[in-house]
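To start, the structure itself, in structure tokens.
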Number of protein chains: 2
Amino acid sequence: MTSRQNHHRVRAERGIPEATVARLPVYLRALTGLQDRGVATVSSEELAAAAGVNSAKLRKDLSHLGSYGTRGVGYEVEYLVYQISRELGLTQDWVVAIIGVGNLGRALAGYGGFASRGFRVAGLLDADESIVGQEISGMTVEHIDRLEDIIAGHGVSIAVIATPAGAAQGVCDRVVAAGVTSVLNFAPVVLSVPDGVDVRKVDLSIELQILAFHEQRKAGGPGDYDPVAGGGAPPGATQYVEA
Amino acid sequence: MTSRQNHHRVRAERGIPEATVARLPVYLRALTGLQDRGVATVSSEELAAAAGVNSAKLRKDLSHLGSYGTRGVGYEVEYLVYQISRELGLTQDWVVAIIGVGNLGRALAGYGGFASRGFRVAGLLDADESIVGQEISGMTVEHIDRLEDIIAGHGVSIAVIATPAGAAQGVCDRVVAAGVTSVLNFAPVVLSVPDGVDVRKVDLSIELQILAFHEQRKAGGPGDYDPVAGGGAPPGATQYVEA
DNA sequence: GCGACTTTGTGCGCGTATTCACAAAGGCTT
DNA sequence: AAGCCTTTGTGAATACGCGCACAAAGTCGC
């Protein structure tokens with residue numbers, strides 16, 4: 001049976017709730033920011049403010065990792081950074097392959113956030129002969145035919161799919177067959193994968209549509225037209241985020 | 001008061017659950033795919049499969065929009081496309097400005113998914129003098145100084161922030177002051193905005209970290225214990241640098 | 001026109017997530 | 001050493017989302 005993009009996975013014995021896992025990277029970023037500013041300890045209230053969450057939620061999230069705070073004082077920044085990094089698996093390197101070197105693939109290849117957090121790009125692959133061989137961000141684009149070689153050879157464990165929609169499922173099947181169990185999908189399709197494979201999806205178009213929905217509602221509900229709804233203070237407006 | 005990205009639904013009278021709103025674009029995409037293949041009607045089971053969700057969930061989601069199905073038959077594709085489009089506010093055009101024309105901004109500017117769904121890019125803006133004036137995807141990059149002019153002049157209602165982290169909050173404050181109430185943020189920071197402004201965040205690095213977490217667990221738990229598990233000694237652990 | 005069949009729409013129970021509010025725990029001052 | 005003050009960690013209440021399972025509703029064949 002093929003499972004679909006279901007992020008509400010079963011808890012393991014160690015059981016960190018999925019919602020918590022999704023917030024840990026945010027805390028981590030806030031913490032490294034504090035670290036850079038030389039802050040040694042931080043209270044849950046301060047850190048929660050920096051991360052944009054409720055402080056009780058932050059404390060409960062951190063409590064799932066263990067008791068790393070000191071009552072009356074707060075959390076030691078450096079130690080917390082280490083604990084969260086370890087929990088997220090960032091104390092080791094992860095090897096990534098980017099498949100599809102169009103506009104987006106190029107942007108991803110040049111994204112600094114990869115290397116800085118322990119993600120190493122082992123290869124850029126594309127099916128287009130005119131792109132293969134090009135040098136991008138210091139890497140040479142390989143032909144998609146070499147997909148299996150590269151995955152096996154470099155020990156790729158995360159595949160980033162940035163192909164056109166039509167090619168995505170086929171590529172996904174191949175990377176999964178080659179042993180990859182984590183996929184980050186930028187193509188606007190729902191990927192089917194076997195159980196045990198994680199897929200996360202990033203979709204610009206969907207995000208815009210969700211924004212449009214709320215924007216429309218601020219402007220007066222479905223059917224009403226007024227895209228230039230700026231300025232005003234919408235009553236009972238909503239706040240969202242999250243990805 | 002400045003609310004951050006914690007969020008909670010303040011249900012309006014019309015009250016479509018946020019979880020449902022987030023799925024509507026997925027259904028819409030599946031439906032247009034069916035439409036292209038000439039399918040006239042579809043059952044909840046089929047559509048759910050195409051969208052990668054449970055069929056009961058699909059039916060419940062659609063029931064929030066009204067009763068657009070026929071028992072014993074299914075849903076008329078064309079009609080459903082229209083209803084969802086209308087609910088999402090896609091029957092009107094939304095004017096978008098992209099701020100920050102680096103690798104990512106360029107990719108976004110060239111992204112076909114904009115126009116196809118009623119999102120019109122009214123401007124590309126950047127602070128870098130060497131980029132201003134360049135022609136990208138048929139548009140000329142404007143200087144960030146013209147931000148307010150462009151927002152007002154074109155009736156921009158959605159701002160896409162693709163700047164470096166350090167510049168994001170400042171840009172956000174400016175677009176909000178200029179009347180924009182919907183922001184799509186690609187910068188790796190938590191933006192603070194006044195109530196009534198929606199922020200959605202897309203963060204590659206966070207997605208990768210979540211995948212890493214699950215990948216690590218599959219590999220045998222957050223172990224790989226470091227002998228130096230001591231308190232203040234974050235060993236040669238990964239060093240984090242803000243992108 | 002009628003019965004069998006298909007598919008929707010939804011009531012209900014369950015598990016997860018969020019938030020409040022407070023007792024327990026530790027540091028700091030005197 | 002004792003008491004005060006701050007902040008953590010968590011019990012409990014609430015809200016939310018999911019999916020099963022089924023009755024209601026409509027179609028289709030005869």
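Protein chains get the first letters and strands the later ones, always in sequence-line order, with residue 1 at the start of each. Keep in mind it's a predicted model, so treat the numbers as computed, not measured.
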* Using only heavy-atom distances, determine whether the side chains of A/Glu215 and B/Ser182 contain a donor-acceptor pair under 3.5 Å. => yes

* With no hydrogens and no angle check, do the side chains of A/Ser192 and A/Gln169 hold a donor and an acceptor under 3.5 Å apart? -> no

Taking only the side-chain nitrogens and oxygens of [X], find out if one of them lies under 4.0 Å from OP1 or OP2 of [N].
{"X": "B/Tyr75", "N": "C/dG9", "value": "yes"}
{"X": "B/Ser44", "N": "C/dT7", "value": "no"}
{"X": "A/Asn54", "N": "C/dA17", "value": "no"}
{"X": "A/Tyr68", "N": "D/dT7", "value": "no"}

Distance, rounded to the nearest Å, where [X] contributes [atom1] and [N] contributes [atom2]:
{"X": "B/Leu65", "N": "C/dT8", "atom1": "CG", "atom2": "P", "value": "15 Å"}
{"X": "A/Glu76", "N": "C/dG26", "atom1": "CD", "atom2": "P", "value": "16 Å"}
{"X": "A/Lys57", "N": "D/dT14", "atom1": "NZ", "atom2": "C1'", "value": "14 Å"}

* **Out of C/dT18, D/dT7, D/dT27, whichever nucleotide has its closest atom nearest the side chain of A/Ser43** => D/dT7

* Take A/Lys60 and B/Arg59, find for each the nucleotide of DNA chain C with the closest heavy atom, and name the residue whose nucleotide sits nearer the 5' end. => B/Arg59

* Structure fact -> Comparing A/Ala56 with A/Gly72, nearest DNA chain D nucleotide closer to 5' gives the residue A/Gly72

* Asked: Do B/Arg71 and C/dT8 have a side chain to base donor-acceptor pair shorter than 3.5 Å?
  -> yes

* Could you tell me whether A/Ser67 contacts a base, only the sugar-phosphate backbone, or nothing, with contacts defined as non-hydrogen atoms closer than 4.0 Å? => sugar-phosphate

* Asked: In a check of side-chain contact (heavy atoms from CB on, under 4.5 Å) between A/Leu31 and each of A/Val26, A/Val81, A/Val39, A/Asp36, which one passes?
  -> A/Val81

* To do: Report yes if some heavy atom in the side chain of B/Arg86 is under 4.5 Å from a heavy atom in the side chain of B/Tyr82; otherwise report no.
  => yes

